[in-house]
Amino acid sequence: MGSQVAVEEVEEKERLVKMGSYGGMVRQLKTAAKEEEEEESCAATAAEEEVMLLWGIQQPTLSKPNAFVAQSSLLLKLDSCGHSLSISQSPSSLSTPGVTGSVMWDSGVVLGKFLEHAVDSELLLLQGKKVVELGSGCGLVGCIAALLGGQVVLTDLFDRLRLLKKNIDANLRHGDVRGSAKVVELQWGDDPDPELIEPRPDFVLGSDVIYSEGAVLDLLSTLRQLCGSETTVFLAGELRNDAVLEYFLDCAMEDFIIGRLEHSQWHPDYCSSRVVLYVLVKKVMVDL
């Protein structure tokens with residue numbers, strides 16, 4: 001019994017690894033070594049186990065939703081990087097099917113404050129780095145990344161760009177911004193604008209982008225196109241649909257190594273059991 005516990009403790013420690021350009025430890029979603037024909041079912045098992053673990057430990061349905069946002073308000077105020085940010089929202093657009101980026105969600109606040117905390121803790125360097133944000137919505141995460149020194153390209157669908165540009169202009173027009181921000185239209189699954197991939201981004205960010213099973217394959221197609229071997233991806237998701245998350249993880253494991261950031265790595269004032277934070281790095285393909 002004692003030896004079994006010791007083995008389990010060693011295996012648990014081995015799953016804590018550093019990934020990409022993030023200096024902290026993350027819990028890798030790891031599958032056992034299998035024959036090639038068994039890899040697909042092995043990944044599915046890992047995805048299923050991860051989702052069961054999240055719902056069992058964090059119990060997201062028992063926590064209050066929208067703890068850090070007010071989606072009925074026209075304005076979200078948040079202090080970050082020594083600035084008081086004012087993020088405009090469009091609550092009325094939520095009634096339009098498929099439109100979620102018109103208001104802020106907890107996952108966006110969590111991801112933005114995580115970036116700030118990681119930089120302050122010297123676990124992450126965004127100064128001068130190329131950053132692409134997917135599904136930028138209201139633009140909070142991209143604005144924080146620019147304040148932290150990133151050369152940020154915020155992307156979304158054409159009909160979301162006006163609100164996005166408004167928030168960038170309102171929050172980054174002062175002269176003491178360490179980085180920069182621009183807006184580019186991007187439809188997941190389509191070929192990205194050359195400026196998004198030449199050169200490859202150092203970081204790709206996304207919050208609440210894993211929301212629909214129908215969008216998973218297009219999202220992963222875009223991630224594959226954007227990411228090089230040195231790209232680090234941070235994704236924050238709302239734990240609202242276990243089947244969609246499991247499907248995403250199952251598919252993503254084919255091309256990416258995935259690690260989960262535990263709450264101890266987050267900003268201490270912005271933790272939520274309804275949110276999960278993942279780090280992804282692209283698998284290196286070896287020619288035989």
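Atom NZ of K166 is surrounded by 12 or fewer heavy atoms from other residues, nucleotides or ligands within 6.0 Å. The number of heavy atoms from other shown groups lying within 6.0 Å of NZ (K18) does not exceed 12. Open room surrounds CD on E230; 12 or fewer heavy atoms of other groups in view lie less than 6.0 Å from it.
S80 meets the side chain to side chain donor-acceptor pair (under 3.5 Å) test with E116; sequence neighbours excluded.
Side-chain contact between F256 and L223 is present, with heavy atoms from C-beta onward closer than 4.5 Å. Contact annotation: the side chain of M104 approaches that of I87 to within less than 4.5 Å [non-hydrogen atoms, C-beta and beyond]. Side-chain contact between R178 and Q127 is present, with at least one heavy-atom pair separated by less than 4.5 Å. The side-chain heavy atoms of P65 and D106, taken from C-beta on, include no pair separated by under 4.5 Å. You'll find the side chain of E185 stays beyond 4.5 Å of the side chain of T155, heavy atoms only. Two residues are said to be in side-chain contact when any heavy atoms from C-beta on lie closer than 4.5 Å; L226 and T231 fail this criterion. Side-chain atoms of Y22 and L123, non-hydrogen and from C-beta on, do get closer than 4.5 Å to each other. Put simply, the side chain of C138 reaches to within 4.5 Å of the side chain of L163, judged on heavy atoms.
Put simply, L157 and I210 are part of two different groups of oily side chains (I, L, V, M, F, W, Y) that touch within less than 4.5 Å, one to the next. Put simply, V132 and L220 are part of the same group of oily side chains (I, L, V, M, F, W, Y) that touch within less than 4.5 Å, one to the next. Using a 4.5 Å cut-off between side-chain heavy atoms of Ile, Leu, Val, Met, Phe, Trp and Tyr, with links allowed through other members, Y211 and V244 fall into the same hydrophobic cluster.
Rounding to the nearest 0.5 angstrom, the gap separating the NZ atom in K130 from the CZ atom in R200 is 9.0 Å. Here the straight-line distance linking atom CE of M25 with atom CG of L261 works out to 11.5 Å at 0.5 Å rounding.
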Step by step, would you call F114 with Y270 a ring pair (Phe, Tyr, Trp, His ring centres under 6.0 Å)? CA-CA 8 Å; F114 160 75; Y270 292 90; over 10 Å; no
Side chain to side chain contact (heavy atoms under 4.5 Å, CB included) between L277 and L235, worked out: CA-CA 6 Å; L277 259 174; L235 297 181; over 6 Å; no
Might you work through the side chain to side chain contact (heavy atoms under 4.5 Å, CB included) test for L219 and L134, ending with a clear yes or no? CA-CA 9 Å; L219 171 60; L134 300 179; 3.9 Å; yes
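Side-chain contact annotation: Q225 with T222, donor-acceptor N/O pair under 3.5 Å absent.
In plain terms, the two heavy atoms of L29 and M253 that are nearest each other are CD2-CE, 3.6 Å. Nearest heavy-atom pair, H267 versus K113, reported as atom, atom and distance to 0.1 Å: CB-O, 3.6 Å. The two residues G206 and L111 make their nearest non-hydrogen contact at O-CD2, 3.6 Å. Between E133 and S136 the shortest heavy-atom distance is OE1-OG, 3.2 Å. Closest non-hydrogen pair, G108 versus V141, comes out as O-CG2, 3.3 Å. Of all non-hydrogen atoms in C251 and L217, the two that sit nearest each other are SG-CD2, 4.1 Å.
Checking side-chain atoms of T232 against main-chain N and O of S21 turns up a donor-acceptor pair under 3.5 Å. Side chain of N171 to backbone of N167: a donor-acceptor contact under 3.5 angstrom is found. Side-chain atoms of K282 never come within 3.5 Å of backbone atoms of G228 as a donor-acceptor pair (strictly under, hydrogens ignored).
A cation-pi arrangement is found for R240 relative to W105, the charged atom lying closer than 6.0 Å to the ring centre and inside a 45° cone about the ring normal.
Classified by interplanar angle (parallel below 30°, tilted 30° to 60°, perpendicular above 60°), the ring pair H263/W266 is tilted.
Between D255 and R224, at least one side-chain N (NZ, or NE/NH1/NH2) sits under 4.0 Å from a carboxylate O, which counts as a salt bridge. At a threshold of 4.0 Å, the pair E238-R274 does not count as salt-bridged, since none of the basic side-chain nitrogens sits closer than that to a carboxylate oxygen. A salt bridge links K182 to E195: one of the charged nitrogens lies within less than 4.0 Å of a carboxylate oxygen.
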Side chains of residues 52-64: which donor-acceptor partners sit under 3.5 Å, not counting sequence neighbours?
from	atom 1	to	atom 2	distance (Å)
Q58	NE2	S273	O	2.9
Q58	NE2	V275	O	3.4
S63	OG	S273	OG	2.3

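Y278 has its ring centre no less than 6.0 Å from the ring centre of F234.
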